[in-house]
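All values below were derived from every heavy atom in this structure, side-chain atoms included, with hydrogens, water molecules and symmetry-related copies excluded. Every value quoted in this text rests on a predicted model; they were computed, and no experiment measured them.
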Amino acid sequence: MNKEKLLEKIGKLKNKLSKHLLKTGIFAITATAPVHTAGFETNVVKDKQAPETTLSADNIYISPEAVNIAADNHPNPIYEFTNKVYDQNNREVKDFADVTKYSLWDCSYKREVGNEKNPVGVAKTFYGSLQFNRFNAENMAIYGLLDPAYKNLAAKFFVKNAGFDNAVENFKKSAKNYEKNFGDANLVYHIGSAARKSLTKYISPNFKTIFQKEGIENTQQFLSLQRSYAAAVYCSFDAKNLNKIVATLAASNIKPEQVHPAIWGMFLAKHIKGGFTGIAGLLKGKKLNQINSIAFVDAMASKYPDVFKQNSGKESYKFAKEHYKETHSITTMKELSVILNKPEILNHYLKCLSMNQNRSISFEQAQELLFSGEPTPHLNLENSMQSVSFQQELDKVRRKSTQLAHKVRSQNVALNEIIKHKKDTSR
């Protein structure tokens, strides 16, 4: 086992041990999770006594987690990104069971750069996890300047000479004017926007180098920025055909959020390749179970072979076939609500999630409880057929925790030996 694999394994074991002990509430230890702030991430001690938070779009934070799926004998890592969600008290938010672990954009990611060494920061002719052209890569940097969560990261792509601050303010004003006069603030990002042209004069001449560097050193936040720009702005560039998709679904009494995330992922992969054109026609007259099916995945691939059946597009097709049954999560509901400019999609999901305190019901059951006005169900350990005495449970937890701790210590010893050997042979 090489050093990188060993480090990854140790990290997983430590994380597992911390989460296990924290969940029991028996041992006095602390666990940490990333705090999502404007431009940097750090660690803070979680307070398990912190008051409960009412979840909303404004106080949840999504963190992509890189997972190396390459075989042990593969020369390079192959990363997929699953997602975790945290609330404003920095606690992980538990989702409904069996929801997708992925983003709506992962179908596109697999097609575009899934096997790249630096998938988030690849900068050749095209840029990043979704392979933006230079125009959209610059737009992404501008978009980041206007979002407090990405402002410090995005500022790295600009040279702040005299006039830069005024150019940023003029861009904001222009966006408001487009919203007022045409109903779409995103028009400020389009070709022909004077405010955009003025601001791009301050783009760093080292744009590509910075892009590559951030992909390696700041992978998670940079990936989030790319996805956020794509959802909020890039999808609006073909709003006409996106609206046709929504209208066609509505004609069959289907809500957008009822269409599974991998299917939406195929729509987005098609959009990156050439807009949403034609998808509405493929949906016309279909029932929900026909859309959320392998037959529809195959139909999309056959209709657009240049997107799904050629070169790395085959990886996107494979991803959709493997994940088409998975249901929406907090992550995908948030992305969809931004893409469609319908915040009520996420708000409704989060209200339903509050009904799932003991993690034993589905999204559909939670909706029934929410609409019926019944109280949130609670787990009754006394009446549970699986209840055991406190002492038995305590002993079990202690044994498992001791085993996990022993594994971590063993792996640390092995790692120290590798590091010592490397130092001895590299002098």
Side-chain angles (χ1 to χ4, degrees), residues 100 102-112 126 128-133 135-136 139-140 143 182-187 189-191 226-288 290-293 295-310 312-313 315-317 319-320 323-324 328 332-343 345-346:
T100 187
Y102 298 95
S103 160
L104 293 182
W105 295 102
D106 275 296
C107 199
S108 296
Y109 166 80
K110 297 293 286 187
R111 178 186 183 276
E112 301 294 343
F126 296 96
S129 65
L130 301 177
Q131 289 293 271
F132 296 137
N133 58 17
F135 175 82
N136 279 290
N139 275 352
M140 175 215 68
Y143 171 85
F182 302 100
D184 186 1
N186 284 333
L187 290 172
Y189 289 96
H190 286 228
I191 295 173
Q226 291 172 25
R227 289 176 172 177
S228 295
Y229 165 75
V233 180
Y234 185 76
C235 283
S236 73
F237 289 174
D238 192 15
K240 179 181 178 181
N241 284 302
L242 178 58
N243 291 336
K244 282 184 179 180
I245 291 174
V246 176
T248 302
L249 292 172
S252 296
N253 200 28
I254 298 171
K255 296 179 180 179
E257 60 268 31
Q258 291 178 299
V259 176
H260 284 177
I263 305 300
W264 269 106
M266 295 189 83
F267 297 168
L268 296 176
K270 164 62 176 68
H271 173 52
I272 288 177
K273 181 66 176 177
F276 294 111
T277 307
I279 296 175
L282 206 57
L283 291 167
K284 189 174 182 179
K286 286 186 171 58
K287 298 178 181 178
L288 182 61
Q290 293 175 305
I291 296 171
N292 292 331
S293 71
F296 188 79
V297 171
D298 291 338
M300 279 287 295
S302 297
K303 178 75 172 178
Y304 306 108
D306 59 328
V307 181
F308 300 109
K309 288 191 173 183
Q310 297 175 11
S312 58
E315 293 297 319
S316 182
Y317 181 27
F319 180 88
H323 299 285
Y324 77 93
H328 281 285
T332 60
M333 284 293 197
K334 182 172 184 178
E335 290 170 337
L336 190 61
S337 70
V338 174
I339 289 169
L340 300 179
N341 195 24
K342 292 181 178 292
I345 290 176
L346 177 62

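Taking the six-membered ring for Trp and thresholds of 30 and 60 degrees, Phe267 and Trp264 have ring planes more than 60 degrees apart, a perpendicular arrangement. Using cut-offs of 30° and 60° on the angle between ring planes, the pair Tyr189 and Tyr143 is tilted.
In terms of the side-chain contact (heavy atoms from CB on, under 4.5 Å) criterion, residue partners of Glu315 (sequence neighbours excluded) are, by chain and number, Lys110, Lys318. Partners of Val338 under the side-chain contact (heavy atoms from CB on, under 4.5 Å) rule, at least two apart in sequence or in another chain, are Ala231, Ala232.
In this structure a side-chain-to-backbone donor-acceptor pair under 3.5 Å is missing from Gln131 to Glu112. At least one donor-acceptor pair closer than 3.5 Å links the side chain of Ser236 to the backbone N or O of Val233. At least one donor-acceptor pair under 3.5 Å links the side chain of His328 to the backbone N or O of Val259. The closest donor-acceptor contact from the side chain of Asn292 to the backbone of Gln258 lies under 3.5 Å. Under the 3.5 Å distance criterion, the side-chain polar atoms of Gln226 are matched with a main-chain donor or acceptor of Ser129.
In this structure, Tyr102 has its ring center at least 6.0 angstrom away from the ring center of Tyr109.
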Derivation and outcome, side-chain contact (heavy atoms from CB on, under 4.5 Å), residues Phe296 and Lys286: CA-CA 10 Å; Phe296 188 79; Lys286 286 186 171 58; 3.9 Å; yes
Working for side-chain contact (heavy atoms from CB on, under 4.5 Å), residues Tyr317 and Asp298: CA-CA 8 Å; Tyr317 181 27; Asp298 291 338; 2.6 Å; yes
side-chain contact (heavy atoms from CB on, under 4.5 Å) evaluation trace for Leu268 with Cys235: CA-CA 8 Å; Leu268 296 176; Cys235 283; 3.8 Å; yes
Trace of the side-chain contact (heavy atoms from CB on, under 4.5 Å) decision for His190 with Phe237: CA-CA 8 Å; His190 286 228; Phe237 289 174; 3.1 Å; yes
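Interatomic distance, Leu283 CG to Ile291 CD1, rounded to the nearest 0.5 Å: 5.0 Å. Once rounded to the nearest 0.5 Å, the distance linking CD of Gln290 with CD1 of Ile254 reads 8.5 Å. Considering NE2 of His271 and CG of Leu242, their distance stands at 8.0 Å, rounded to 0.5 Å.
Residue pairs meeting the salt bridge (Lys or Arg N to Asp or Glu O under 4.0 Å) criterion with at least one partner in residues 226-236, sequence neighbours excluded, are Asp106-Arg227.
Counting heavy atoms from C-beta on, the side chains of Tyr229 and Asn136 come closer than 4.5 Å.
For the residue pair Asn139 / Tyr234, no side-chain donor-acceptor distance below 3.5 Å is found, with atom types taken as modelled.
Results of the side-chain contact (heavy atoms from CB on, under 4.5 Å) test with Glu257 over Ile345, Leu346, Thr332 single out Ile345 as the only residue that passes.
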